[in-house]
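Nothing here was measured: the structure is a model prediction, and the numbers come from that model. In what follows, chains carry the letters A, B, and so on, assigned in the order in which the sequence lines appear, proteins first and then strands, with residues in each chain numbered from 1.
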Protein chains: 2
Amino acid sequence: MNTKQQIIIAAEQTFDRHGFTASGMDRLTDAANVSSRTLYKHLGNKNKLMAAALKQRRERFFLALDVESVDALFARLADWSEAEDMRGCLFLRALGDTGAAVEEVKAEVAVYRQQLRHLVANLVVKETSSEDATDAVLVIFEGAVSAASYCGIAAIQSARASAAVLLKHLP
Amino acid sequence: MNTKQQIIIAAEQTFDRHGFTASGMDRLTDAANVSSRTLYKHLGNKNKLMAAALKQRRERFFLALDVESVDALFARLADWSEAEDMRGCLFLRALGDTGAAVEEVKAEVAVYRQQLRHLVANLVVKETSSEDATDAVLVIFEGAVSAASYCGIAAIQSARASAAVLLKHLP
DNA sequence: GCAGTGGTAAAACGTTCGTTGTACAATTGC
DNA sequence: GCAATTGTACAACGAACGTTTTACCACTGC
């Protein structure tokens, strides 16, 4: 079994559930079921672990969102929300939690945002032959992620319908 | 001068900028320009200070968003984003930062979300004679707040236009 | 058989955390 | 003039933090 991966997966969940700064190394080692010595051997320090957890989330997230249309994007997001608790964008939260003071975290957040924009832009171009609606769909996507944390899956279904309307009727 | 208010206002900014758990009492007393003894006399403890800062943010936010139409709502949000740095919803972040383990924070977040929903629902009813589009507008609002943290005011302008289209063309 | 690898447990490092105690200064109302 | 109020500075508390050290165990391949 891959110990490093096991640590990172546990950390992704722990940071999401309990916060980045508020999650001490004790809680992280307990969640991963490894000694602190092993964790430090594999990850170096807490900042690098945060970055690794974010990278893991990003890869898992975009794997789940590997789709061919905007509608499918929101359908997959709905699937995600049924499998995982929604607590708002983990990357936005990581930045706020750490006060944007951790370089490793800032870098990972930047990569995520760039990747999300590219994904949305590509889908929008495919359907409208223009990038113009990218921001609009991006806003709805971010809104769905945020609102799902207290409106549940209804927020995502609403977002899905809204996106369809927008792609038809936006200038 | 009202010392308590001065402490709370400084705390609102400090928590927003540096995170809730990551902001120590030293930083909070420094920002408020008071001694730690004074802060504790007025606020009791850190959890209560967090709640007070969130209440302050809520009141300030809804005062800025005291409008008569959905379009004006987004216009005011754009004004807000030009006066303040956007780092995503402070309430969502407070919940994630503390791992939803602080009752005082959970309560304030619940009040905020309820008030936001009521505001949006009232505006939507006024314009469409139905509450049906509430979730859709709520999603766009949340998305504007989140996306503005890295897309700037363009996200809010895009959200404003999207909301107008939706109110016209949603079933 | 033995070096190498990859893990454990437990204690300790110095620092920072949230919070309180003590002692003192400035302003105010009667 | 004096008591009350409201603030300060500063040191201390025990606990928790991130990190490292020390010593030890189990498995692997040659």
**OP:** For DNA chain D, find the residues of residues 20-35 of chain A with a heavy-atom distance under 4.0 Å and give them by number; none if there aren't any.
**Re:** Ser23(A), Gly24(A), Met25(A)
Original post:
Does His42(A) have a side-chain nitrogen or oxygen under 4.0 Å from the phosphate oxygens OP1 or OP2 of dG7(C)?
Top reply: yes
Original post:
Given atom NZ of Lys4(B) and atom P of dT6(D), what is their separation to the nearest angstrom?
Top reply: 13 Å
**OP:** Verify the contact: side-chain N or O of Ser36(B) to OP1 or OP2 of dT20(C), cut-off strictly under 4.0 Å; return yes or no.
**Re:** no
**OP:** Round to the nearest Å and state the distance from Tyr40(B) atom OH to dA12(D) atom C1'.
**Re:** 14 Å
Original post:
CZ/Arg60(A) to CG/Leu65(A) distance, rounded to the nearest 0.5 angstrom?
Top reply: 11.0 Å
Original post:
Between Leu49(A) (CG) and dT19(D) (P), how many Å, whole number?
Top reply: 10 Å
Original post:
Where along residues 97-108 of chain A does a heavy atom come under 4.0 Å from DNA chain D, residue by residue in number order?
Top reply: none
Subject >> Derivation of the side chain to side chain donor-acceptor pair (under 3.5 Å) call for Ser146(A) and Ser146(B) >> reply: CA-CA 8 Å; Ser146(A) 288; Ser146(B) 288; 3.1 Å; yes
Subject >> Distance in angstrom units between Arg37(A) CZ and dC25(D) P, rounded >> reply: 17 Å
Subject >> Gap between atoms CG and P, on Asn45(A) and dC17(D) respectively (whole Å) >> reply: 17 Å
Subject >> Rounded interatomic separation in angstrom, taking CE from Met50(A) and P from dG18(D) >> reply: 9 Å
Original post:
Nearest to the side chain of Thr38(A) - dG18(D), dG7(C), dG7(D)?
Top reply: dG7(C)
Original post:
To the nearest 0.5 Å, how far apart are OG in Ser69(B) and NZ in Lys126(B)?
Top reply: 8.0 Å
Original post:
How long is the span from the CD atom in Glu127(B) to the CG atom in Asp71(B), to the nearest 0.5 Å?
Top reply: 8.0 Å
**OP:** Specify the residue among Asn47(A) and Lys41(B) whose closest nucleotide of DNA chain D lies further upstream toward the 5′ end.
**Re:** Lys41(B)
Subject >> Backbone N/O of Phe20(A) and side chain of Asp97(A): donor-acceptor pair under 3.5 Å >> reply: yes
**OP:** Would you please test Gln13(A) and Arg17(A) for side-chain contact (heavy atoms from CB on, under 4.5 Å) and show each step?
**Re:** CA-CA 6 Å; Gln13(A) 225 192 81; Arg17(A) 261 201 246 274; 2.3 Å; yes
**OP:** Quick one: do Leu166(A) and His169(B) satisfy side-chain contact (heavy atoms from CB on, under 4.5 Å)? Show the steps, please.
**Re:** CA-CA 9 Å; Leu166(A) 281 180; His169(B) 294 95; over 6 Å; no
Original post:
Rounded to the nearest Å, what distance is computed from the CD1 atom of residue Ile7(B) to the P atom of nucleotide dT6(D)?
Top reply: 13 Å
Original post:
For Glu68(B), does the CD atom have more than 12 heavy-atom neighbours from other residues, nucleotides or ligands under 6.0 Å away?
Top reply: no
Original post:
If we only count heavy atoms from C-beta on, is the Tyr150(B) to Leu138(A) side-chain gap below 4.5 Å?
Top reply: yes
